[in-house]
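Just so we're clear, the structure is a prediction, and the values are computed from it rather than from any experiment.
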Amino acid sequence: MYQDYKNVELVKPGGLELKDRLVGVQRVTKVTKGGRAFGFSAIVVVGDENGVVGQGLGKSKEVAEAISKAVEDAKKNLVRIPINNGTLPHEQKGKYGGARVFLKPASAGTGVIAGGAVRAVLEAVGVHNVLSKSQGSSNPHNVVKATFDALLQLRSPEMVAKQRGISLDKVFNG
């Protein structure tokens with residue numbers, strides 16, 4: 001799922017205090033010759049509010065079962081995101097399908113300026129001060145994936161120094 005990103009660190013769920021956030025539940029209908037068969041699709045974000053986050057999708061005939069399946073799926077897709085003093089290291093854009101998300105670091109005390117699906121992902125990852133803009137599609141599935149796209153492209157100053165083969169001082173002063 002995350003093979004397109006160079007800096008992704010996959011995380012095992014063992015020993016983490018994960019909190020789950022329900023982003024959305026949709027009722028889906030399958031029309032058959034015998035009538036309509038109803039089911040549910042749930043999208044959930046889990047995170048330890050300290051840089052580890054994952055998202056999952058679950059489907060079932062029952063709402064509770066769909067949510068529990070989504071939580072299990074999310075725990076299989078955990079990644080570590082670099083966070084700097086409760087905010088992001090730099091601005092980043094993400095896109096998925098028709099959804100576009102723009103994330104911008106903010107000073108302390110700003111709060112999470114984000115709506116819906118973007119807010120759920122940012123709070124689960126542990127970002128406390130950020131500005132965001134969601135454009136295009138408001139489909140929660142695509143907005144969550146676009147937010148993940150932006151987060152997975154983030155690089156900490158340490159990562160930048162390591163990739164360039166220079167010291168941390170040169171990243172900022174040089």
So Gln26 and Phe40, side-chain contact (heavy atoms from CB on, under 4.5 Å) or not? Walk me through it. CA-CA 6 Å; Gln26 283 81 31; Phe40 295 91; over 6 Å; no

Short question: side chain of Arg21, backbone of Val44 - any donor-acceptor pair under 3.5 Å? no

Quick one: closest heavy-atom pair of Ala42 and Ala70, and the distance? O-CB, 3.6 Å

What is the minimum heavy-atom distance between Gly56 and Ala74, and which atoms define it? N-CB, 3.5 Å

In Å and rounded to the nearest 0.5 Å, what is the CG to CD1 distance from Asp20 to Ile67? 9.0 Å

If you define the side chain from C-beta out and look only at heavy atoms, does anything of Arg155 sit under 4.5 Å from Pro89? no

NZ-CG distance between Lys59 and Asp73, expressed to the nearest 0.5 angstrom: 10.5 Å

In the structure I gave you, are the side-chain heavy atoms of Lys30 and Thr32 within less than 4.5 Å of one another anywhere? yes

Residues Ala117 and Val143: closest non-hydrogen pair is CB-CG1, 3.7 Å

First locate atom CZ of Arg100, then atom OG of Ser134, and finally report the distance between them rounded to the nearest 0.5 Å. 10.5 Å

Under 3.5 Å, is there a donor-acceptor pair between the side chain of His128 and the main chain of Val112? no

Considering non-hydrogen atoms only, spot the tightest contact between Pro82 and Ser156 and give its length. CB-CB, 3.7 Å

Nearest heavy-atom pair of Val28 and Ser41: which atoms, and what distance? CG1-CB, 4.5 Å

If you define the side chain from C-beta out and look only at heavy atoms, does anything of Val130 sit under 4.5 Å from Lys104? no

Go through Glu49 and Glu123 one step at a time and tell me if the side-chain contact (heavy atoms from CB on, under 4.5 Å) criterion holds. CA-CA 7 Å; Glu49 296 179 353; Glu123 286 177 349; 5.7 Å; no

Is the shortest heavy-atom distance from the side chain of Val53 to the side chain of Asp48 under 4.5 Å? no

Any chance you could measure Thr147, atom OG1, to Leu103, atom CG, to the nearest 0.5 Å? 6.5 Å

Check whether Asn129 reaches the backbone of Thr110 with its side chain - one donor and one acceptor, N or O, closer than 3.5 Å. yes

Under a single-linkage rule joining Ile, Leu, Val, Met, Phe, Trp and Tyr whose side-chain heavy atoms are separated by less than 4.5 Å, which residues share a cluster with Ile113? Leu131

If I compare all heavy atoms of Leu78 with all of Lys75, which pair ends up nearest, and what's the gap? CG-O, 3.6 Å

side-chain contact (heavy atoms from CB on, under 4.5 Å) evaluation trace for Ile83 with Val127: CA-CA 7 Å; Ile83 297 177; Val127 176; 4.2 Å; yes

Please check if the side chain of Thr87 supplies one atom and the backbone of Asn84 the other of a donor-acceptor pair under 3.5 Å. no

In the structure I gave you, are the side-chain heavy atoms of Leu154 and Ile81 within less than 4.5 Å of one another anywhere? yes

Determine yes or no for a side-chain-to-main-chain donor-acceptor pair under 3.5 angstrom, with Arg119 supplying the side chain and Ala114 the backbone. yes

I need the Asn142 CG to Tyr96 OH distance, nearest 0.5 Å. 6.5 Å

Passes side-chain contact (heavy atoms from CB on, under 4.5 Å), Phe148 versus Val121? Steps please. CA-CA 8 Å; Phe148 265 81; Val121 175; 3.9 Å; yes

Val144 and its side-chain contact (heavy atoms from CB on, under 4.5 Å) partner, picked from Val118, Val23, Leu57: Val23

Could you check if a side-chain atom of Phe102 sits within less than 4.5 angstrom of a side-chain atom of Gln135, using non-hydrogen atoms only? no

In Å and rounded to the nearest 0.5 Å, what is the CZ to CE distance from Arg164 to Met159? 13.5 Å

Taking Gln153 for its side chain and Asp149 for its backbone only, find out whether a donor-acceptor pair lies under 3.5 Å. yes

Any side-chain heavy-atom pair from Val45 and Leu22 closer than 4.5 angstrom? no

Are any non-hydrogen side-chain atoms of Val52 and Val79 less than 4.5 angstrom apart? no

Basic-acidic side-chain contact under 4.0 Å: Glu62, Lys69: no

